[in-house]
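To start, the structure itself, in structure tokens.
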Amino acid sequence: MPPILQAIHVQKYYGAFQALKDVSLSVDRGEVVCIIGPSGSGKSTLLRCASQLESIDGGVITVDGEIAGYRRSGETLVPLGDVQIARQRQNVGMVFQRFNLFPHRSVLENLLEGPVRVQKRPVEECRKEALALLERVGLAAKAAAYPNELSGGQQQRVAIARALAMRPKILLFDEPTSALDPELVGEVLSVMKELAKSGMTMVVVTHEIAFCREVADRVVFMDGGAIIAAGSPEDMIVRPQNPRVASFISAVL
Amino acid sequence: MPFKQSRADAAGNNIGVAMQDLAGIDFQRLRISRPIPYRQIAASILLFVFLIFIAHAFWVGAIEWHYVSDYLFSAPILKGVRGTIVMTICAMVIGIFLGTAVAMMRMSANPALRWAATGYIWLFRGVPALLQLLLWFNLALIFPTLSLFGFFPVNTVDVMTPFVAALLGLGIQQGAYTAEVVRGGILSVDRGQMEAAQSIGMTRLRAMLTIVLPQAMRVIVPPIGNETIGMVKLTSLASVIQYSEVLRTVGDVYYANSRVIELLIVAGIWYMVIVTVLSIGQSYIEKYFSKGWGRAAEAPKALPDGPAAMGAA
């Protein structure tokens with residue numbers, strides 16, 4: 001079985017600045033990978049490339065064996081059209097730092113927007129599934145509320161449910177707790193832990209080292225746009241081998 | 001008990017003096033006096049005199065008020081009112097459609113679309129509306145017939161009626177203004193909304209239409225309301241090219257009976273009525289698009305056990 005997500009020699013430039021330098025990463029089905037590293041190290045950029053919010057300038061990203069954003073024709077990659085790219089994005093769920101719920105839609109409508117309007121699945125089925133998802137993140141009572149009536153932690157849990165409602169093959173988290181008040185971080189992390197236990201394939205960019213140690217199957221350390229080291233939480237966090245990783249861990253713990 | 005001005009001592013500490021001033025007061029009987037609002041009274045009297053003056057001027061002026069009431073609901077005037085309303089609605093519909101399309105073009109990744117949009121805004125915002133009406137109306141002078149690459153030829157005079165010329169002139173120039181309003185509205189929506197919509201599988205166009213634009217409406221509606229009210233009055237320009245809107249129909253009447261001021265008052269009343277109705281409509285539209293943004297939604301839910309609850313305890 002192919003890896004769910006595969007980045008092969010990925011390069012990304014913003015003008016002259018190289019944000020990703022020859023990044024290769026493979027995520028298997030059911031695996032939870034946490035990416036840590038200092039700010040500006042390219043962690044978020046890698047996620048944004050994987051979810052096709054940014055284009056890449058070199059290398060290949062595949063999702064479930066399918067090349068993201070391109071069609072292969074011999075030795076060249078031909079860009080796909082908007083509609084195909086939108087279809088591919090449905091496989092990759094994204095949870096943003098700033099939640100990005102749709103403020104003009106109720107919580108339930110936020111969850112139904114994708115499955116009903118984009119995937120054209122039957123409304124009743126989607127509604128049942130959406131309510132079950134809200135139950136799962138502990139917000140069944142808030143189905144009719146609008147996002148601005150919720151706390152940050154609640155909004156982020158709704159955002160996770162919205163991503164799950166698309167039945168994605170992989171879920172990407174871009175610093176999901178960085179915009180939260182400290183006392184609200186725990187509720188979001190516990191939802192993520194529960195998701196990880198249920199077998200969801202996840203890539204999490206985070207500064208929550210304790211979460212990485214507890215939940216991650218593999219921890220990846222990025223710096224300066226490149227992957228410096230990767231390994232089990234034991235090797236990366238508890239007893240880091242790489243000196244650069246060790247100094248980062250000791251600084252944030 | 002006389003209430004003395006408290007004075008600061010050498011150290012600037014006046015607490016002791018203030019305490020002394022309060023000594024011996026029966027707080028049960030202490031009253032705070034309400035000064036007489038002289039300024040408000042003076043302003044009200046001035047306003048009243050001014051209104052009397054205006055009313056008197058209209059009273060003694062040679063205005064035959066019965067002409068106003070006779071013509072207010074007369075058939076030709078109502079026809080003109082209908083013309084004004086129809087033209088306002090049609091021109092605004094064209095303006096809003098054009099404006100939205102041009103705003104999206106102006107923000108497109110495609111440079112050809114961007115340049116086309118910029119050029120359109122530059123041209124039609126730069127030329128006076130009256131001049132544009134006259135250009136459209138007199139199109140037959142340079143193009144006696146219009147056709148689609150030689151097919152379906154028609155006489156320009158038959159097509160370019162006063163209605164069509166006014167509609168094109170007003171609608172197209174309105175589109176140029178509306179485009180900038182819509183662009184401002186789109187820019188006011190957080191970039192993350194577009195990304196979130198794309199992440200659940202929407203194309204850019206669909207995300208723009210179903211997620212970004214509805215939120216932009218909150219910012220767009222007030223200035224569009226403003227422009228609609230401006231359009232009501234701008235339609236009076238169409239009287240110059242013989243479109244029968246209210247100003248033209250009152251003109252036709254006063255050319256015949258010479259009651260100029262009376263009929264202008266009639267037109268003024270109708271403009272005020274239309275604008276008032278539109279303003280009320282606008283507030284309803286604003287309410288609709290502020291869904292999810294109400295003040296109640298912004299207030300923290302924790303209020304009940306806040307200061308009020310503490311006071312009760």
Side-chain angles (χ1 to χ4, degrees), chain A residues 47-48 50-55 81-107 109-120 142 144-151 154 158-159 162-168 171-172 174 179, chain B residues 104-105 107-110 112-113 182 185-222 284-306:
Chain A
L47 283 200
R48 294 171 60 80
S51 61
Q52 299 199 48
L53 291 173
E54 306 274 353
S55 58
D82 276 0
V83 177
Q84 270 90 14
I85 289 181
R87 181 184 55 74
Q88 285 188 338
R89 282 205 189 97
Q90 294 177 25
N91 293 326
V92 183
M94 183 86 170
V95 175
F96 299 88
Q97 183 177 349
R98 300 218 38 92
F99 333 132
N100 296 347
L101 293 177
F102 307 135
H104 59 311
R105 300 257 193 270
S106 71
V107 165
E109 287 166 346
N110 264 277
L111 265 65
L112 293 179
E113 195 73 32
V116 174
R117 297 239 227 157
V118 178
Q119 293 179 327
K120 310 274 185 217
K142 298 288 185 185
Y146 281 88
N148 288 339
E149 298 166 7
L150 305 181
S151 72
Q154 292 172 328
V158 172
R162 178 177 69 179
L164 287 173
M166 295 295 290
R167 296 177 176 166
L171 206 47
L172 310 178
D174 186 7
Chain B
M104 285 164 62
M105 281 167 66
M107 301 177 85
S108 155
N110 184 336
L113 292 182
V182 174
I186 292 173
L187 286 176
S188 77
V189 178
D190 186 71
R191 260 174 57 94
Q193 291 293 312
M194 173 59 88
E195 294 183 349
Q198 287 183 306
S199 80
I200 57 167
M202 289 192 191
T203 58
R204 282 189 70 83
L205 182 65
R206 190 194 187 110
M208 179 61 79
L209 294 178
T210 65
I211 300 298
V212 177
L213 268 181
Q215 293 180 56
M217 291 304 276
R218 250 166 27 97
V219 176
I220 292 173
V221 168
Y284 278 100
I285 296 176
E286 276 177 34
K287 228 173 261 169
Y288 174 80
F289 281 111
S290 66
K291 212 165 57 165
W293 291 98
R295 277 179 182 273
E298 281 160 27
K301 291 277 154 183
L303 263 184
D305 43 35

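Sequence lines set the chain letters: A, B, ... in the order given, protein chains first and strands last, and positions in each chain run from 1. Computed from a prediction, not measured in an experiment: that's the story for all the values here.
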Please round to the nearest 0.5 Å and tell me the distance separating atom CD of B:Glu195 and atom CE of A:Met94. 7.5 Å
Less than 4.5 Å apart, side chain to side chain, heavy atoms only: is that true for B:Arg218 and A:His104? no
Region of A:Leu101 in contact with chain B, defined by heavy-atom distances below 4.5 Å: backbone
Given B:Asp190 and A:Arg98, is the side chain to side chain contact (heavy atoms under 4.5 Å, CB included) satisfied, shown in steps? CA-CA 10 Å; B:Asp190 186 71; A:Arg98 300 218 38 92; 5.9 Å; no
Does any heavy atom of chain B fall under 4.5 Å from the side chain of A:Phe96, the backbone, both, or neither of them? side chain
Count the heavy atoms belonging to other residues, nucleotides or ligands that lie under 6.0 Å from CZ of A:Arg105, then report whether that count exceeds 12. yes
Closest non-hydrogen atoms of B:Gln193 and A:Pro103, given as atom of the first, atom of the second and distance, are OE1-CD, 3.5 Å
How long is the span from the CD atom in A:Glu113 to the CD1 atom in B:Ile211, to the nearest 0.5 Å? 4.0 Å
Name the region of B:Ala197, side chain, backbone, both or neither, that has any atom closer than 4.5 Å to a heavy atom of chain A. both
For B:Arg204, does the CZ atom sit with more than 12 other heavy atoms under 6.0 Å from it, leaving out its own atoms? no
Leading residue by heavy atom contact count with chain B [cutoff under 4.5 Å; candidates A:Val92, A:Val118, A:Val83, A:Leu172]: A:Val118
Using a cut-off of under 4.5 Å on heavy-atom pairs, state which of A:Arg48, A:Gln97, A:Gln119 scores highest against chain B. A:Arg48
Going from CG on A:Leu53 to CD on B:Gln198, what distance comes out if it is rounded to the nearest 0.5 angstrom? 6.0 Å
Quick check: does any side chain N or O of A:Asp82 sit under 3.5 Å from a backbone N or O of B:Thr203, one acting as donor and the other as acceptor? no
